[in-house]
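Counting starts at 1 for both ligands and their atoms, following the listed order.
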Amino acid sequence: MGYLLLLTRRNSRIWRLYSVATAPAARGVGIGKRLLEFAINTAKQHGASALSLEVKTNNVAAIQLYEKYDFAVVDVLPEYYDDGTDGYRMRLSFSPLANDLESQ
Ligand SMILES: CC(C)(COP(=O)(O)OP(=O)(O)OC[C@H]1O[C@@H](n2cnc3c(N)ncnc32)[C@H](O)[C@@H]1OP(=O)(O)O)[C@@H](O)C(=O)NCCC(=O)NCCS
């Protein structure tokens with residue numbers, strides 16, 4: 001009914017929520033929230049300092065989902081997507097060190 005793809009790199013404590021989607025027929029019943037909670041808990045359990053993602057600025061459903069879990073816009077990415085749409089980089093920090101680590 002849905003999937004979520006998390007990426008991490010050796011020596012990086014910033015995990016990336018690369019992709020998430022739920023089946024069109026199963027939207028709006030909480031699957032996205034459960035997937036996101038799984039991602040947040042998994043990243044925390046593995047010692048991540050933050051979870052980062054990119055989203056189209058016009059993707060209201062996804063942005064509201066992320067904001068519900070306290071993700072905040074940290075950057076605007078002009079024409080980030082192939083179709084010319086701008087992107088937001090959003091991040092949920094688990095520790096105050098996350099900002100320093102982002103630049104590494
Ligand atoms: C974004 C997406 C994953 C949400 O999945 P979902 O299973 O429908 O989400 P949920 O039912 O758990 O809803 C979680 C929250 O998302 C927000 N939301 C979901 N659908 C929404 C809509 N159509 N409009 C506005 N907000 C919406 C709400 O804040 C909702 O919380 P609430 O039910 O307490 O109001 C789903 O719409 C999707 O697969 N979209 C296409 C793929 C996509 O855009 N992925 C994100 C790429 S960055």
Side-chain angles (χ1 to χ4, degrees):
M1 303 307 279
Y3 81 96
L4 178 141
L5 186 56
L6 275 177
L7 298 183
T8 185
R9 286 179 294 132
R10 203 179 311 204
N11 301 326
S12 173
R13 293 186 64 209
I14 312 284
W15 283 43
R16 185 157 173 232
L17 200 168
Y18 185 73
S19 178
V20 57
T22 55
R27 288 185 187 158
V29 295
I31 295 172
K33 283 190 276 196
R34 286 179 61 185
L35 287 168
L36 204 54
E37 285 167 20
F38 175 83
I40 292 167
N41 290 335
T42 302
K44 277 185 182 174
Q45 282 163 12
H46 286 81
S49 60
L51 197 50
S52 181
L53 61 86
E54 292 82 36
V55 59
K56 285 185 176 181
T57 55
N58 59 9
N59 192 342
V60 176
I63 292 168
Q64 290 204 7
L65 171 63
Y66 301 141
E67 286 180 338
K68 197 165 277 263
Y69 289 88
D70 294 331
F71 280 81
V73 173
V74 293
D75 214 353
V76 180
L77 310 166
E79 298 181 35
Y80 183 75
Y81 292 93
D82 287 344
D83 63 1
T85 311
D86 297 341
Y88 287 136
R89 175 161 292 129
M90 299 184 78
R91 187 167 58 204
L92 174 63
S93 296
F94 306 135
S95 85
L97 281 177
N99 290 342
D100 298 337
L101 290 166
E102 177 78 359
S103 58
Q104 291 181 3

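The option with the heavy atom closest to atom 2 (C) of ligand 1, from among V55, V29, L53, T22, is T22. Remark: among candidates V60, N59, I63, the nearest residue to atom 47 (C) of ligand 1 is N59, based on non-hydrogen atoms. Evaluated by nearest non-hydrogen atom to atom 17 (C) of ligand 1, the leading choice among A23, A61, G2, G87 is A61.
Nearest protein neighbour of atom 38 (C) of ligand 1, counting heavy atoms only, is R27 NE, 3.4 Å. For atom 7 (O) of ligand 1, the closest non-hydrogen atom of the protein is G32 N, 2.8 Å. Closest to atom 35 (O) of ligand 1, if we only count protein heavy atoms, is K68 NZ, 3.8 Å. Of all protein heavy atoms, the one lying nearest to atom 15 (C) of ligand 1 is L65 CD1, 3.8 Å. Among all protein heavy atoms, the one lying closest to atom 8 (O) of ligand 1 is G28 N, 2.8 Å. Scanning all protein heavy atoms for the shortest distance to atom 33 (O) of ligand 1 gives K33 NZ, 3.6 Å. Closest protein heavy atom to atom 42 (C) of ligand 1: V20 O, 3.8 Å. The single protein non-hydrogen atom nearest to atom 26 (N) of ligand 1 is Q64 OE1, 3.4 Å, given as residue, atom name and distance.
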Apply side-chain contact (heavy atoms from CB on, under 4.5 Å) to E54 and Y81, showing your working. CA-CA 10 Å; E54 292 82 36; Y81 292 93; 3.7 Å; yes
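Under the 4.5 Å side-chain heavy-atom criterion for grouping Ile, Leu, Val, Met, Phe, Trp and Tyr, V73 is connected to I63 within one hydrophobic cluster. Y18 and L6 are assigned to two separate hydrophobic clusters, defined by single-linkage of ILVMFWY side chains at heavy-atom distances under 4.5 Å. Each of L77 and V55 belongs to its own hydrophobic cluster when Ile, Leu, Val, Met, Phe, Trp and Tyr are linked at side-chain heavy-atom distances under 4.5 angstrom.
Contacts between Y66 and ligand 1 below 4.0 angstrom, taking non-hydrogen atoms only, involve the side chain exclusively. With a heavy-atom cut-off of 4.0 Å, E54 touches ligand 1 through its backbone alone.
Using a 4.5 Å heavy-atom cutoff, the side chains of Y66 and L92 are not in contact.
Rounding to the nearest 0.5 Å gives a distance of 7.0 Å between CG of L4 and CG of L36. The distance from atom CZ of R16 to atom CZ of R89, rounded to the nearest 0.5 Å, is 7.5 Å. One distance of note links CD of Q45 with CZ of F38; it measures 8.0 Å at 0.5 Å rounding.
Of all atoms in ligand 1, listed by their number and element, those nearer than 4.0 Å to a heavy atom of G30 are 10 (P), 11 (O), 12 (O). Close approach of ligand 1 to A21 (heavy-atom distance below 4.0 Å) involves ligand atoms 39 (O), 42 (C). Atoms of ligand 1 lying under 4.0 Å from at least one heavy atom of A62, given by number and element, are 1 (C), 46 (C).
Taking both residues in full, the closest heavy atoms of S49 and I14 are given as OG-CD1, 3.8 Å, listed atom of the first, atom of the second, then distance. Of all non-hydrogen atoms in F71 and M90, the two that sit nearest each other are O-CE, 3.7 Å.
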